[in-house]
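In what follows, a single structure is set out as structure tokens and then discussed.
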Amino acid sequence: MCGRTACTLAPDDVPRACGFRDRGGKRRQPRWKDGDGNKYFPSHNVSPQSRTPVLVCSSHFGGEVQTEDRTLAAMQWGLVPSWFKGDPKGFGYKTNNARSEGMMTKGFFKGPLQKGQRCVVLADGYFEWQTGKDGKKQPYFIYFPQNKGEGGDLEDKPEKGEGGNLEDKPECEKASDLEVKHEIGEGGDLEEDPGAWRGRRLLTMAGIFDRWTPPEGGEPLYTYTVITVDAAPATAWIHHRMPAVLDGEAAVRDWLEHGRVPLNKAVELIRPQECLTFHPVSTVVNNSRNKSAECVVPVVIGQEKPTASSKMMSAWLQKGKPAKQDKAEKTPPPNPKPGPPTPKPGLHLSPSAGLMSSWLKRGAKEEERDDKNPSKKRKT
DNA sequence: CCAGACGTTGTT
DNA sequence: GTCTGG
DNA sequence: CCAGACGTTGTT
DNA sequence: GTCTGG
């Protein structure tokens, strides 16, 4: 399940997107651990072994155990235990997820958990592949519902009734805003809060991290794993597992503050969440070398055959590259069978031109990053 | 006691 | 089938 | 998570 | 490091 994400915020924007209020009501932003802002590379197609932003309690980097301070670190996806002997390169192939059902007893995760090494994994959203009877896979992008006004000049929002919004407001503050809260959790009122983040609300997933020190010494390697749970009903028809999503500021805080919230309490946060929305995307995302924004653009299932406009869009997204020539323009009879396979399509958002533009809008500038990697040797 | 594994997903 | 690379 | 490789010898 | 199998 959770083996692919998108994380596209510029390193300098991540701290802003992680603004929160401390128990005194004061606004704070986590800071990057030394140099880590330069180790994270935004991408619309993040695979295990990449470094991505995670939040941890600052106690792990010199702060008091009880501190509310948070630190942003660029950790590597795929947990390498501190006791691992050998070359950690390529070790974490099977530790990108931790089953919540066994994490308290299995050595891989028990150790770090008992040391309070809980982290919050940040992303725009994650990808899930639905396997059809025919064996074909349809990828979906899954994320927190975004509020209106995103980016400032977006005039369209998802139709109401899209993602299952089970926003429970725990012990929130006085602010009764149901409108704006793009920051992690229930933000404050924007009107009197010019410092608030107005961009995308990042998905927050519960993770476990560890620190591995090379035998020969040198920089410690920080790695993490994403905890998984059974899928919530809303998305179970796509896939039967999902990441442990932390919905809201209170949950994020409790997962991070290991000095205040003991493990046996914190584990109560690990459970299926309904608070997500999603849309189908192109199989362009399948190959992790494809980093373009096309990975997150909504598609209409059954209409993935390139249309004139989609070709143009594709070409634009690819920017440098000429639109590839299709091998054969065989176009089977249009027998569109769109929509989610029946069960619970109720809270599905249907792609609209407007929605599409909202996804395109953010891809345009950021991609093009590492798509110039020379593939393997070429046969001669 | 020592040696050796230690993780996940999905699919059958 | 299984493992590595992304 | 998916995609793609998966092998050897000898010579430059 | 810690747990299981022998």
Side-chain angles (χ1 to χ4, degrees), chain A residues 1-7 40-52 76-115 117 121 123-142 203 205-213 215 223-231 235-236 238-244 278 280-292 295-296 367 369-380:
Chain A
M1 46 117 320
C2 195
R4 209 76 75 79
T5 68
C7 191
Y40 148 65
F41 301 98
S43 170
H44 287 91
N45 199 342
V46 174
S47 51
Q49 307 297 320
S50 303
R51 287 174 182 273
T52 71
Q76 186 172 299
W77 189 4
L79 189 126
V80 177
S82 58
W83 43 262
F84 179 75
K85 310 294 184 202
D87 188 353
K89 249 188 319 281
F91 172 82
Y93 288 127
K94 287 178 276 208
T95 53
N96 58 310
N97 292 140
R99 291 182 60 85
S100 58
E101 295 87 344
M103 65 180 183
M104 301 294 279
T105 53
K106 297 180 188 245
F108 263 76
F109 312 122
K110 193 170 81 170
L113 279 172
Q114 288 176 342
K115 286 186 279 186
Q117 292 171 343
V121 180
D124 293 11
Y126 67 97
F127 298 95
E128 201 84 90
W129 280 261
Q130 177 195 35
T131 306
K133 300 180 168 187
D134 49 8
K136 294 224 188 304
K137 308 240 181 127
Q138 172 60 51
Y140 288 80
F141 187 54
I142 307 176
L203 182 62
M205 297 173 282
I208 303 167
F209 74 94
D210 211 344
R211 182 182 68 179
W212 181 84
T213 305
T223 59
Y224 69 87
T225 187
V226 175
I227 298 171
T228 65
V229 296
D230 275 328
T235 52
I238 300 178
H239 203 76
H240 70 110
R241 299 288 286 175
M242 71 182 295
F278 50 81
V281 295
S282 157
T283 53
V284 161
V285 75
N286 288 16
N287 192 323
S288 60
R289 301 173 114 94
N290 297 331
K291 304 293 194 187
S292 89
C295 292
V296 299
E367 40 113 0
R369 182 167 285 276
D370 18 14
D371 212 10
K372 40 131 183 255
N373 46 22
S375 42
K376 298 268 165 151
K377 56 177 172 200
R378 209 127 296 233
K379 221 163 257 187
T380 49

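Quantities reported herein were computed from a predicted structural model and do not represent experimental measurements. Each chain gets a letter, A, B and so on, in the order the sequences are listed, and its residues count up from 1.
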Name the nucleic acid region contacted by [X], choosing base, sugar-phosphate or nothing; use a 4.0 angstrom heavy-atom cut-off, strictly under.
{"X": "A:T131", "result": "sugar-phosphate"}
{"X": "A:F84", "result": "nothing"}
{"X": "A:P81", "result": "nothing"}

If you measure from the [atom1] atom in [N] to the same atom in [M], how many Å do you get, rounded?
{"N": "D:dG7", "M": "B:dC1", "atom1": "C1'", "answer": "43 Å"}
{"N": "D:dC2", "M": "B:dT11", "atom1": "P", "answer": "9 Å"}
{"N": "C:dT4", "M": "B:dC6", "atom1": "P", "answer": "15 Å"}

Among [options], the nucleotide that comes nearest once only the side chain of [X] is considered:
{"X": "A:K137", "options": "B:dT9, B:dG7, D:dC2", "answer": "D:dC2"}
{"X": "A:W83", "options": "C:dT4, B:dT8, E:dG1", "answer": "E:dG1"}
{"X": "A:N287", "options": "C:dG6, B:dG7, D:dA3", "answer": "D:dA3"}
{"X": "A:T228", "options": "B:dT8, C:dG6, B:dG7", "answer": "B:dT8"}
{"X": "A:Y93", "options": "B:dT8, B:dT11, C:dT4", "answer": "C:dT4"}
{"X": "A:W129", "options": "D:dA3, D:dC1, B:dC6", "answer": "D:dC1"}

Would you say the side chains of A:T228 and A:R241 form a donor-acceptor pair under 3.5 Å?
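Yes - a donor-acceptor pair under 3.5 Å links their side chains.
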Does one side chain, of A:Y40 or A:S50, offer a donor that lies under 3.5 Å from an acceptor on the other?
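Side-chain D/A pair, A:Y40 to A:S50: absent.
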Decide yes or no for A:K115 and A:D210: does some side-chain heavy atom of the first lie under 4.5 Å from some side-chain heavy atom of the second?
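The answer is yes; the side chains approach within 4.5 Å.
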Any side-chain heavy atom of A:Q49 within less than 4.5 Å of one from A:Q76?
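Yes; the side chains approach each other to less than 4.5 Å.
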Phosphate OP1/OP2 of [N] contacted by [X] side-chain N/O (<4.0 Å):
{"X": "A:K110", "N": "E:dC3", "answer": "yes"}
{"X": "A:R99", "N": "B:dT9", "answer": "yes"}
{"X": "A:K106", "N": "B:dT8", "answer": "yes"}
{"X": "A:R241", "N": "B:dT8", "answer": "no"}

Roughly how far, to the nearest 0.5 Å, is CD of A:E128 from CD1 of A:I142?
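The CD1 atom of A:I142 sits 5.0 Å away from the CD atom of A:E128.
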Value for CH2 (A:W77) from SG (A:C7), rounded to nearest 0.5 Å, stands at 10.5 Å
Rounded to the nearest Å, what distance is computed from the [atom1] atom of residue [X] to the [atom2] atom of nucleotide [N]?
{"X": "A:F127", "N": "B:dT9", "atom1": "CZ", "atom2": "C1'", "answer": "18 Å"}
{"X": "A:Q49", "N": "C:dG5", "atom1": "CD", "atom2": "C1'", "answer": "8 Å"}
{"X": "A:H240", "N": "B:dT12", "atom1": "NE2", "atom2": "C1'", "answer": "13 Å"}
{"X": "A:H44", "N": "D:dC2", "atom1": "NE2", "atom2": "P", "answer": "20 Å"}
{"X": "A:M242", "N": "B:dT9", "atom1": "CE", "atom2": "P", "answer": "13 Å"}
{"X": "A:N96", "N": "C:dT4", "atom1": "CG", "atom2": "P", "answer": "14 Å"}

Check for me whether the distance between the ring centres of A:F91 and A:F84 falls short of 6.0 Å.
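Distance test on ring centres: under 6.0 Å, yes.
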Check: A:W83 ring centre within less than 6.0 Å of A:F108 ring centre
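So the answer is yes for these two rings.
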Less than 3.5 Å between a donor and an acceptor, one on the side chain of A:S288 and one on the base of C:dG6, is that the case here?
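In this structure, the two groups form a donor-acceptor pair.
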Looking at A:K136 and A:D134, is there a salt bridge between them, counting it only when a charged N and a carboxylate O are closer than 4.0 Å?
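No, this pair does not count.
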Comparing A:K94 and A:N286 on DNA chain C - which has the more 5′ nearest nucleotide:
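The 5'-side residue here is A:K94.
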Name the stems that DNA chain D belongs to, where each is three or more consecutive Watson-Crick or G-U pairs with both distances under 3.5 Å?
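Only these stems qualify: C:1-6 with D:1-6.
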